[in-house]
Amino acid sequence: MNNPAIGEFIDKVKRGADITQVIGNYVQLRKKGNRYWGCCPFHSEKTPSFSVVPEDGGFFYCFGCHVGGDVFKFISLIENVSYFEAVKIEAEKLDIPLPKRNRTPAEIARDEQRERLYRVNELAKTFFHNCLTVTKMGQAGIKYLKGRGLAANAVEEFSLGFSPAAWDKLAKAFIKRGIDEEALITAGLCVRREKGGVYDRFRGRVMIPIDDERGRTVGFGGRILDNGEPKYLNTAETPIFNKRRLLFGLYNAKSHIRREGYVIVVEGYMDAVSLFEAGVKNVVATLGTAFTAEHIKLITRYTSKVYFCFDSDEAGQRATMRTMSVIRNSPIRAKVITVTDGKDPDEFIRKNGRDGFFKLIENATGIFEHALRYILNHAVYNTLEGKLTVLKEAAPILAAMADSTERREQIRLLGGRLMIDEDSITAEVRRHLGGAWRRYPEEEQRTKPQQQDSVSLRAERIILQSLMRDKTLADHVNAMLPEGLPGAAGRELFANLCADGEEGQELSEEAKILYSRIMNEPVPEDAAQAYTDAVNLLRKNYLEGLCNEHIKKAGEYYEAKDMAKYREELAQVKKINAEIKELA
């Protein structure tokens with residue numbers, strides 16, 4: 001773990017990074033004295049309390065929420081990535097290569113292929129954009145986009161393009177530049193001919209580049225101009241393109257999502273582009289596929305509040321209904337925006353503008369309430385059979401509501417619509433809640449969310465498993481982790497293992513469950529290295545917390561103009577950061 005090359009690499013990237021420029025890409029900063037101020041991106045505020053000090057290696061600190069750190073800490077928080085991943089992101093921007101490590105031939109080949117695909121897609125984006133904006137071939141595309149009400153700034157913002165109607169315009173141009181046919185096929189830009197050679201996959205279409213959350217172009221969506229089929233054609237799946245793991249527009253929207261505190265999810269590219277251009281910039285689109293668990297992971301890096309705004313037709317409403325099974329038991333808090341004038345968000349905003357769309361947002365309903373309305377609007381319930389059918393469909397939706405007050409209110413409303421007594425509905429809902437209702441018989445209790453198996457708790461179990469085999473490790477754990485293990489049950493079990501007496505006895509129920517789980521988990525293949533990695537991971541977490549405390553004190557001393565103590569705190573920060581680098 002102690003790799004001097006890694007430490008040198010981190011130092012080199014930090015020397016090259018301009019913290020004010022990095023943070024300025026996310027926060028509007030104004031200089032006052034020798035520091036910069038802005039509104040904190042990590043909590044809502046109107047009076048700037050977020051400060052950036054460029055000297056002494058640079059650090060940031062918010063006097064409102066007390067978060068602070070160096071340039072990499074900021075990137076890790078704002079992008080929701082690990083500290084070292086933040087270093088790599090900044091290194092890419094600065095063109096600083098990663099330290100070389102021993103990689104298998106398969107890893108080398110995979111990484112080289114991915115980099116080649118990124119380059120080919122970037123070239124294709126430029127090719128399509130130039131075809132649209134600087135050649136006569138793109139006039140049909142320009143006419144189409146103007147007909148959709150899109151101005152030139154939207155074309156530039158999303159690098160929209162046009163694929164010529166010819167069979168092999170792109171293929172010939174790229175092969176002439178030395179790009180081989182296999183790369184074009186793997187990237188999904190060309191298709192192999194039966195008699196040899198390749199032809200363009202996208203022809204006569206407005207081209208929409210699809211970027212990942214880091215802004216790398218990974219594929220394309222093509223919109224046909226006439227009535228041909230398919231209306232939209234996406235890049236086929238490649239090593240860097242998977243529709244289930246991508247949201248169109250996320251790279252453009254993520255800073256706006258953080259600022260607004262929520263994201264709007266639409267179905268189509270043009271919906272997202274139109275909303276963005278009209279000033280609704282916290283918007284993303286699914287890529288012609290259902291909303292997935294992978295999409296939840298992407299979104300929750302930036303917010304847990306989601307507004308779904310799918311088309312108002314039957315297909316769009318069914319798509320909204322399907323999202324419920326995905327977001328159930330997730331941290332997502334979802335509402336539904338109902339488009340009232342036009343079949344989709346694109347058509348609505350062109351008719352009613354930004355202000356009209358914000359009125360729709362204000363009138364958004366909870367997704368479960370929306371689902372109940374959908375069921376009632378699509379059912380005939382003037383017979384007993386019809387009432388029972390509605391109840392059967394509505395009960396699991398009511399059971400999924402985390403807010404018991406909302407659930408009781410919806411049960412009351414449903415009972416009134418169906419003319420069924422509320423007790424009957426409640427009984428059906430209880431059946432769907434099953435054991436959760438029996439554990440918490442009072443209606444106001446919520447079902448317990450299943451505890452997530454975090455990386456930290458996995459490290460804790462590895463340490464405890466190692467201690468069960470060798471209790472002499474206790475001194476090392478105590479020295480490395482002064483605040484103890486992260487979980488209360490883990491700390492209790494650790495104390496039990498270190499004390500005299502029979503292992504696993506006289507424990508709380510939670511600690512007994514943890515003990516049983518550890519006893520049933522397999523010992524890692526390289527148990528010694530697994531233990532070292534686990535301790536180092538928790539040590540790093542402890543040090544980052546300690547570092548934040550010193551940064552907070554440094555900020556306070558700086559405000560008090562006590563420069564001697566300010567320097568002392570900075571020295572501690574540097575010392576702690578040096579150890580964190582050793583553990584990276």
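Since this is a predicted model, take the numbers as computed values, not measurements. Every heavy atom of this structure was used, including side-chain atoms; hydrogens, water molecules and symmetry mates were not.
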Scanning both residues in full, the closest heavy-atom pair of Gly69 with Ile551 reads CA-CD1, 3.1 Å
Looking at Lys88 and Glu85, is any side-chain nitrogen of the basic one under 4.0 Å from a carboxylate oxygen of the acidic one?
yes
Taking every heavy atom of Cys547 against every heavy atom of Asn577, the minimum-distance pair comes out as SG-OD1, 3.9 Å
Query raised in the report: Passes side chain to side chain donor-acceptor pair (under 3.5 Å), Thr292 versus His295? Steps please.
Result: CA-CA 5 Å; Thr292 67; His295 291 151; 3.2 Å; yes
Would a distance-only check, ignoring hydrogens and angles, find a side-chain to backbone donor-acceptor pair under 3.5 Å from Glu406 to Met401? no
Side-chain donor-acceptor pairs under 3.5 Å in residues 19-33, sequence neighbours left out?
from: Thr20; atom 1: OG1; to: Asp18; atom 2: OD1; distance (Å): 2.6
from: Asn25; atom 1: ND2; to: Gln21; atom 2: O; distance (Å): 3.4
from: Tyr26; atom 1: OH; to: Glu79; atom 2: OE2; distance (Å): 2.6

Do Asp533 and Ile462 come close enough that some side-chain heavy atom pair is under 4.5 Å? no
* Asked: Do any N or O atoms from the side chain of Thr303 and from the backbone of Ile299 form a donor-acceptor pair under 3.5 angstrom?
  -> no
Paired with Phe276, the ring pair (Phe, Tyr, Trp, His ring centres under 6.0 Å) test is passed by just one of Tyr251, Phe158, Phe357, namely Phe158
Between the CD1 atom in Ile349 and the CG atom in Leu275, the distance rounded to the nearest 0.5 Å is 4.5 Å
Report task. Decide side chain to side chain contact (heavy atoms under 4.5 Å, CB included) for Val535 and Ile463; before the verdict, give the C-alpha distance in whole Å, the side-chain angles of both, and the deciding distance to 0.1 Å. Result -> CA-CA 7 Å; Val535 171; Ile463 292 168; 3.8 Å; yes
Practice item. Output, in order, the C-alpha distance, side-chain angles, deciding distance and verdict of side chain to side chain donor-acceptor pair (under 3.5 Å) for Thr217 and Asn121. Key: CA-CA 6 Å; Thr217 301; Asn121 277 316; over 6 Å; no
Contacts of Tyr566 meeting ring-ring contact (aromatic ring centres under 6.0 Å, His included) (sequence neighbours excluded), chain-then-number -> Tyr558
CG of Leu473 to CG of Leu467, rounded to nearest 0.5 Å, is 6.5 Å
request  = Indicate yes or no: does Glu569 engage Lys565 in a salt bridge with an N to O separation below 4.0 Å.
outcome  = no
Residue pairs passing the salt bridge (Lys or Arg N to Asp or Glu O under 4.0 Å) test with at least one member in residues 259-270, sequence neighbours excluded, are none
Mind checking whether Tyr531 and His476 have ring centres under 6.0 Å apart?
yes
Taking every heavy atom of Pro41 against every heavy atom of Phe74, the minimum-distance pair comes out as CG-CE1, 4.0 Å
Here the gap from Ile210 atom CD1 to Thr235 atom OG1, rounded to the nearest 0.5 Å, amounts to 5.5 Å
Glu544 and Asn548: CA distance, side-chain angles, deciding distance, side chain to side chain donor-acceptor pair (under 3.5 Å) verdict: CA-CA 6 Å; Glu544 287 182 345; Asn548 281 339; over 6 Å; no
By side chain to side chain contact (heavy atoms under 4.5 Å, CB included), Glu45 pairs with (sequence neighbours left out) Cys39, Cys40, His43, Ser49, Phe50
Next on the checklist: Does Leu247 form a side chain to side chain contact (heavy atoms under 4.5 Å, CB included) with Thr286? I'd like the steps, not just the answer.
Outcome noted: CA-CA 5 Å; Leu247 286 167; Thr286 57; 4.1 Å; yes
dist Glu112:CD -> Leu117:CG (nearest 0.5 Å) comes out at 12.0 Å
On a heavy-atom basis, the closest approach of Glu579 and Leu543 is CD-CD1, 3.5 Å
Say whether, by atom type as modelled, one donor and one acceptor occur between the side chain of Ser274 and the main chain of Met270 under 3.5 angstrom. yes
So the salt bridge (Lys or Arg N to Asp or Glu O under 4.0 Å) pairs with at least one residue in residues 283-301 (sequence neighbours excluded) are Glu213-Arg301, Arg244-Glu294
To the nearest 0.5 Å, atom CG of Asn234 lies from atom NZ of Lys243 at 5.0 Å
Legend entry - Arg114 (side chain) donor-acceptor with Pro239 (main chain) under 3.5 angstrom: yes
Item to check | Stepwise side chain to side chain contact (heavy atoms under 4.5 Å, CB included) test for Leu464 and Phe494 | outcome: CA-CA 7 Å; Leu464 290 168; Phe494 180 85; 3.9 Å; yes
So the side-chain hydrogen bond (donor to acceptor under 3.5 Å, both in side chains) pairs with at least one residue in residues 64-73 (sequence neighbours excluded) are Lys14-Asp70, Tyr61-His66, Asp70-Tyr83
Between Asn541 and Ser456 the two heavy atoms that sit nearest each other are ND2-OG, 3.3 Å
On a heavy-atom basis, the closest approach of Arg354 and Ala278 is CD-O, 3.3 Å
Going by heavy atoms in the side chains, are Val13 and Ile10 under 4.5 Å from each other?
no
Assess whether side chain to side chain contact (heavy atoms under 4.5 Å, CB included) is satisfied between Leu514 and Arg461, documenting all intermediate values.
CA-CA 8 Å; Leu514 177 61; Arg461 295 200 303 277; 3.8 Å; yes
**Request:** Indicate yes or no: at least one non-hydrogen side-chain atom of Glu460 is less than 4.5 angstrom from one of Leu457.
**Result:** yes
dist Asn153:CG -> Glu277:CD (nearest 0.5 Å) comes out at 5.0 Å
Discussion item. Contact between Thr338 and Leu360 at the side-chain level, heavy atoms closer than 4.5 Å - yes or no?
Written reply: no
Angle between ring planes, Tyr269 versus Phe248, binned at 30° and 60°: parallel, tilted or perpendicular? perpendicular
- Task: Taking Arg491 for its side chain and Pro486 for its backbone only, find out whether a donor-acceptor pair lies under 3.5 Å.
- Result: yes
Any Tyr118 side-chain heavy atom under 4.5 Å of Val218 side chain
yes
Using side-chain heavy atoms (C-beta onward) and a distance below 4.5 Å, is Phe220 in contact with Lys125?
yes
Side chain proximity check, Ile257 to Asn282, heavy atoms < 4.5 angstrom = yes
Q. Do Leu485 and Leu493 touch side chain to side chain, with heavy atoms closer than 4.5 Å?
A. no
